[in-house]
Amino acid sequence: MRLRTTRGIVEADRAVACAGLHSDRLARLAGAPAAPRIVPFRGDYYLLRPGRSDLVRGLIYPVPDPRFPFLGIHFTRRIDGAVWLGPNAVLALAREGYRRTDLDPRDLFETLAFRGFQTLAAKYWRTGADEMVRDLRKSSFLASLRAYVPELTETDLLPGPSGVRAQAVGAHGEMLDDFAFDTVGRLLNVRNAPSPAATSSFALARVFADRLDALD
Ligand SMILES: Cc1cc2nc3c(=O)[nH]c(=O)nc-3n(C[C@H](O)[C@H](O)[C@H](O)COP(=O)(O)OP(=O)(O)OC[C@H]3O[C@@H](n4cnc5c(N)ncnc54)[C@H](O)[C@@H]3O)c2cc1C
């Protein structure tokens, strides 16, 4: 295999393409089918004011909604004692759109023109609208948090970091919640590696290595 990169050509016997938010683009470039495609969803966190961290002494998770692969707003007490609250899930206007105002016309056009996204949006517009309200109104975010910790007040919430979830969406608008692989020759495309892919990265590496071994 010859991989053309910004640092020159790399020759390899086999390769794994695992490009997160750009994984569908790399797969397409290699000749794989267009779907599933990546639709980026931004997730924002608030930080719990440090003096109030005694309110959350462990991890607090909602019961998952099986229709959505998003976990939902939860409470994460980290090893340094900081508590993260969130994330929500709103359509990102850019694949690398970590701020509300980030917009990439090509990314946005690709998302809106994708039939799978149109089907998804038509089906779940109500949930999407609720998420957007929660994104814009701190009081709505707080209301979701108070379902678990009623003592929380608006002043307990400080601005926190954001992440962008690479959500793989199929041609008929289905949100993939499992790993998605395809191969082109001796290239293994990892199109969807959802959470907890980071936590499970060593186990996943073994799966990839086995799949590479099986390629002719
Ligand atoms: C807010 C948030 C919280 C999460 N929390 C957890 C958690 O607690 N536990 C957990 O296990 N998982 C969590 N996840 C999920 C986890 O981050 C992903 O499952 C995991 O990162 C997927 O790994 P990946 O290698 O497929 O993609 P990534 O980690 O995104 O890696 C892709 C890499 O490819 C590179 N790349 C992209 N395009 C190209 C290109 N054209 N050429 C070369 N390189 C390229 C990128 O720079 C990047 O380094 C979370 C995700 C989000 C968004």
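Indexing begins at 1, ligand by ligand and atom by atom, following the structure's order.
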Taken to the nearest 0.5 Å, the spacing of Asp213 CG from Phe208 CZ works out to 14.0 Å

Closest to atom 36 (N) of ligand 1 among protein heavy atoms sits Ala19 CB, 3.9 Å

Do other residues, nucleotides or ligands put more than 12 heavy atoms under 6.0 Å from Arg186 CZ? yes

Is_contact(atom 27 (O) of ligand 1), protein non-hydrogen, under 4.0 Å:
yes

Item to complete: Can you confirm whether something in the protein, heavy atoms only, sits under 4.0 Å from atom 4 (C) of ligand 1?
Response: no

Is there a salt bridge (charged side-chain N to carboxylate O under 4.0 Å, His left out) between Arg191 and Asp182 once you walk through the steps?
CA-CA 8 Å; Arg191 198 89 70 112; Asp182 52 67; 2.9 Å; yes

Problem set entry | Any protein heavy atom < 4.0 Å from atom 43 (C) of ligand 1 | no

### Message
For atom 22 (C) of ligand 1, is there a protein heavy atom at a distance under 4.0 Å?
### Response
yes

query: Just wondering, more than 12 heavy atoms not from Met132 lying within 6.0 Å of its CE?
result: no

Ligand 1 to Gly20, heavy atom cutoff 4.0 Å, flagged ligand atoms 27 (O), 30 (O), 32 (C)

min-distance protein heavy atom vs atom 19 (O) of ligand 1 -> Ala193 O, 2.6 Å

More than 12 heavy atoms of other residues, nucleotides or ligands under 6.0 Å from CZ of Arg137: is that the case? no

Quick look: Pro194 vs ligand 1, heavy-atom contacts under 4.0 Å, and the answer is backbone

Is any heavy atom of the protein nearer than 4.0 Å to atom 11 (O) of ligand 1?
-> yes

Taking only non-hydrogen atoms of His22 and a 4.0 Å limit, the atoms of ligand 1 in range are 37 (C), 38 (N)

Practice item. Evaluate whether atom NZ of Lys138 has more than 12 neighbouring non-hydrogen atoms of other residues, nucleotides or ligands under 6.0 angstrom away. Key: yes

- [ ] Check the angle between the aromatic planes of Tyr61 and His74 and answer parallel, tilted or perpendicular using the 30° and 60° thresholds.
- [x] parallel

_Does the protein place a non-hydrogen atom closer than 4.0 angstrom to atom 17 (O) of ligand 1?_
no

message: For Asp130 and Thr127, which I'm curious about, is there any donor-acceptor pair between the side chains at under 3.5 Å?
response: no

N or O pair under 3.5 Å between Pro87 and ligand 1: no

- [ ] Indicate whether atom 48 (C) of ligand 1 is within a distance of less than 4.0 angstrom of some protein heavy atom.
- [x] no

The option among Thr199, Val164, Asp44, Leu26 carrying the non-hydrogen atom nearest to atom 40 (C) of ligand 1 is Leu26

(message) Any heavy atom of Cys18 closer to ligand 1 than 4.0 angstrom?
(response) yes

Arg165 heavy atoms within 4.0 Å reach ligand 1 at atoms 53 (C)

Report task. For the pair Glu110 and Arg25, evaluate salt bridge (charged side-chain N to carboxylate O under 4.0 Å, His left out) and give the outcome as yes or no after the intermediate values. Result -> CA-CA 11 Å; Glu110 267 190 20; Arg25 287 181 174 157; 3.3 Å; yes

Worksheet item: Would you say Arg100 has more than 12 foreign heavy atoms packed within less than 6.0 Å of its CZ?
Response: yes

Ranked by distance from atom 13 (C) of ligand 1, the top protein heavy atom is Ser195 OG, 3.4 Å

Heavy-atom nearest pair, Arg211 first then Leu188, reads CB-CD2, 4.1 Å

So the atoms of ligand 1 within less than 4.0 Å of a heavy atom of Pro196 turn out to be 10 (C), 11 (O), 12 (N)

**OP:** Kindly indicate whether atom 8 (O) of ligand 1 is approached by any protein heavy atom to under 4.0 angstrom.
**Re:** no

By side chain to side chain donor-acceptor pair (under 3.5 Å), Glu131 pairs with (sequence neighbours left out) Arg134

| request: For ligand 1, find out whether one of its N or O atoms is nearer than 3.5 Å to an N or O atom of Ala198. | output: yes

Here the pair of heavy atoms bringing Asp107 nearest to Leu93 is CB-O, 4.4 Å

A student checking ligand 1 against Tyr45 at a 4.0 Å heavy-atom cut-off should list atoms 1 (C), 3 (C)

